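Okay, structure first, notes after.
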Amino acid sequence: MEYTTLGNTGTTVSKLCYGTWRFGKKHGDTVETDREEAHELLDAAWENGINFIDTANVYGDPDGTSEEWIGEWLTDHDREDFVIASKVYFSFDGWGEPGPNDSGLGRKHIRAQIEGTLERLGTDYLDLYYIHRWDENTPIRETMSVLTELVREGKVHYLGASTMAAWQLTKALWTSDVEGLERFDVTQPMVNAAHYDAVGDYLDVCADQDLAVCPYSPLAGGFLTGKYERTEDGGVEAPDGSRGSLDDVFEDRYATDRAWDVLEAVESVASEVKATPAQVSLRWLMEQDRFTCVPIVGARSPDQLEENAGAVEIDLTDEQFERIDEARGGVQ
C-alpha cells in the first residue's frame, strides 16, 4: 500500500479509503453486507494496508449499524492504527422517530450525533468529521462554531465537507477564516472517470485551498469495473446482485453515452498495463496532480478489495492518463 498526507493536515492515510455505506444496507429483503461479512471486509482492508475507514451515522438499517459494526471490530485492534471518518446531517432514526431537531447542522443536532457516533464506534475521538450535506436553514457560522468546539475539545481532529456547491464550500472556508474558526481540510464529492455532474468549480476550490479530495463512487457504482454490457437498445445488462440490478437510477446516473467511451479508454489502458479496469480507474484518481485524491472504495468481497488495493501497484503514462481525459471530454 502507498500512503499520503491527507491534504493540509498532519495525518497520513492509505491511498485508498474503505467505505462502509453498504454495511447493514437493505434493498427490500436483501442485505448488501451483513455483520460477519462486514468484519471480514474490515480484516481484508487492514491486511491490504488500508488504514482509512469511512462511515456515517446514518449508514445501515437501522441508522448507526455501520458505526456499531466498525466499533465491534475495533475492539480487537489498536484504535491508533486507524484514521476514522464519520458524518452528520441527515435525520437519524436509530433512536426512534426523528424529532424536529434531529437533522441538519444546528448545534443541538451536531452535539447529539457526535456523542452517538463516538459511543457506537467505541472511541473517544474521530479523526475526521464531515458535514454530509449543506444546511440551508442553519447559518454556516453556527455550524462551523460547534464543529470548532468539537475540535478544541479533542472529540474531532479534522473537519470535512461532502456534497455541496462550490460557492457553499467557499462561503464556509471564508467564514472560518474571518471568524477564526476551524476550517474544512477534506472534501467528499462524487468524482470518477465516467460521471459528469458539474463538480469542476468545486474541485477548483479544493485545488486552490489545498483541500484533500476523497471521492465516493470512484468506480461509478461498478460501471468502471467492466462487468456491465451494453444492450442493442442502449440499455445496460447487469450481473445478478450487482448495483445495476439493485438500483433503478444506475443507468441514468452512470451508463451515459460518454461513460461508455470512457470505459472503452479505461479498458484499453488496462490491457496495456496488465491491470483490471477498476485498478486503472482508481489509479487515474490517485494520480490527480492538483490535489491529494484518496478514492473511497466500497468493495463487497475480500477479493474485490484486494483487487482495488492492487491499483497502487500500477503506473499510468502521461499518454494513458490523457487518453482517459480525452474520452471524458476534458470534464473534471
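All values reported here derive from a predicted model rather than from experimental measurement.
T12 places none of its side-chain heavy atoms less than 4.5 Å from the side chain of N51. Taking the side chain as every heavy atom from C-beta outward, R133 and F90 approach each other to under 4.5 Å. Side-chain contact between E67 and T20: absent, with no pair of heavy atoms (C-beta onward) separated by less than 4.5 Å. Taking the side chain as every heavy atom from C-beta outward, V31 and K26 approach each other to under 4.5 Å. Residues T143 and H109 have side chains not in contact (no heavy-atom distance under 4.5 Å, counting atoms from C-beta outward). Side-chain contact check for W284 versus L224: every heavy-atom pair is 4.5 Å or farther apart. Proximity of N57 to R120: side-chain heavy atoms (C-beta onward) are separated by under 4.5 Å at one or more points. Using a 4.5 Å cut-off on side-chain heavy atoms (C-beta onward), Y89 and L105 make contact.
Shown are D127, D185, L128; of these, the side-chain contact (heavy atoms from CB on, under 4.5 Å) with T9 is made only by D185.
Under the 3.5 Å distance criterion, the side-chain polar atoms of T138 are left unmatched by any main-chain donor or acceptor of D135. With hydrogens and angles ignored, the 3.5 Å screen pairs no side-chain donor or acceptor of S66 with any backbone N or O of W21. Under a 3.5 Å cut-off, the side chain of K87 and the backbone N or O of T55 do form a donor-acceptor pair. Listed for the Y130 side chain is no donor-acceptor partner under 3.5 Å among the backbone atoms of A56. Checked by atom type and distance alone, the side chain of H132 never pairs as donor or acceptor with a backbone atom of S162 at under 3.5 Å. Judged by distance alone, with hydrogens and angles left aside, the side-chain atoms of T148 form a donor-acceptor pair with the main-chain N or O of E182 at under 3.5 Å. Although no hydrogens or angles enter the test, the distance criterion places no donor-acceptor pair under 3.5 Å between the side chain of T292 and the main chain of L6. Formation of a donor-acceptor pair under 3.5 Å by the E306 side chain with backbone atoms of N48 is not found in this model. Side-chain N or O atoms of D93 include one that pairs as donor or acceptor with a backbone N or O of D63 at under 3.5 Å. Without hydrogens or angle criteria, Y202 side chain to T163 main chain gives no donor-acceptor distance under 3.5 Å.
Look at E32 and K25 and you find no salt bridge, because none of the NZ, NE, NH1 or NH2 atoms lies under 4.0 Å from a carboxylate O. Between E115 and R111 no salt bridge is recorded (no basic side-chain N to carboxylate O distance below 4.0 Å). Using a 4.0 Å cut-off between a side-chain N of Lys or Arg and a carboxylate O of Asp or Glu, D315 and R283 qualify as a salt bridge.
Here the two rings, on F82 and W73, have centers that are under 6.0 Å apart.
The aromatic rings of Y228 and F223 lie parallel to each other, with less than 30° between the two planes, well short of the 60° mark.
Of all heavy-atom pairs spanning T187 and P189, the tightest one is C-CD, 3.6 Å. Residues L173 and Q209 share a closest heavy-atom pair of CD1-CG, 3.7 Å. Across G24 and W69, no two heavy atoms sit closer than the pair N-CZ3, 3.3 Å. Annotation for S281 and V266: closest pair OG-CG1, 3.5 Å, computed over non-hydrogen atoms. Nearest heavy atoms, E267 versus P277: CG-CG, 3.9 Å. The two atoms that bring G221 and S217 nearest to each other are N-OG, 3.1 Å, heavy atoms only.
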CA sep, side-chain torsions, deciding dist, call: T123, I84, side chain to side chain contact (heavy atoms under 4.5 Å, CB included): CA-CA 10 Å; T123 183; I84 300 176; 5.7 Å; no

Verdict with supporting geometry, V280 and I324, side chain to side chain contact (heavy atoms under 4.5 Å, CB included): CA-CA 10 Å; V280 169; I324 296 171; 3.8 Å; yes

Worked check of side chain to side chain contact (heavy atoms under 4.5 Å, CB included) between M144 and L159: CA-CA 9 Å; M144 300 312 300; L159 304 178; 4.0 Å; yes

Steps toward side chain to side chain contact (heavy atoms under 4.5 Å, CB included) verdict (D54, F52): CA-CA 7 Å; D54 180 86; F52 192 7; 5.7 Å; no

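To the nearest 0.5 Å, atom CD1 of residue I70 and atom NE2 of residue H77 are 12.5 Å apart. In this structure, the separation between CG on L316 and CD on Q279 is 11.0 Å, given to the nearest 0.5 Å.
With hydrophobic clusters built from ILVMFWY side chains whose heavy atoms lie under 4.5 angstrom apart, I140 shares a cluster with V205. Residues L181 and Y158 fall into different hydrophobic clusters, defined by Ile, Leu, Val, Met, Phe, Trp and Tyr side chains chained together at heavy-atom separations under 4.5 Å. Residues W167 and V213 fall into different hydrophobic clusters, defined by Ile, Leu, Val, Met, Phe, Trp and Tyr side chains chained together at heavy-atom separations under 4.5 Å.
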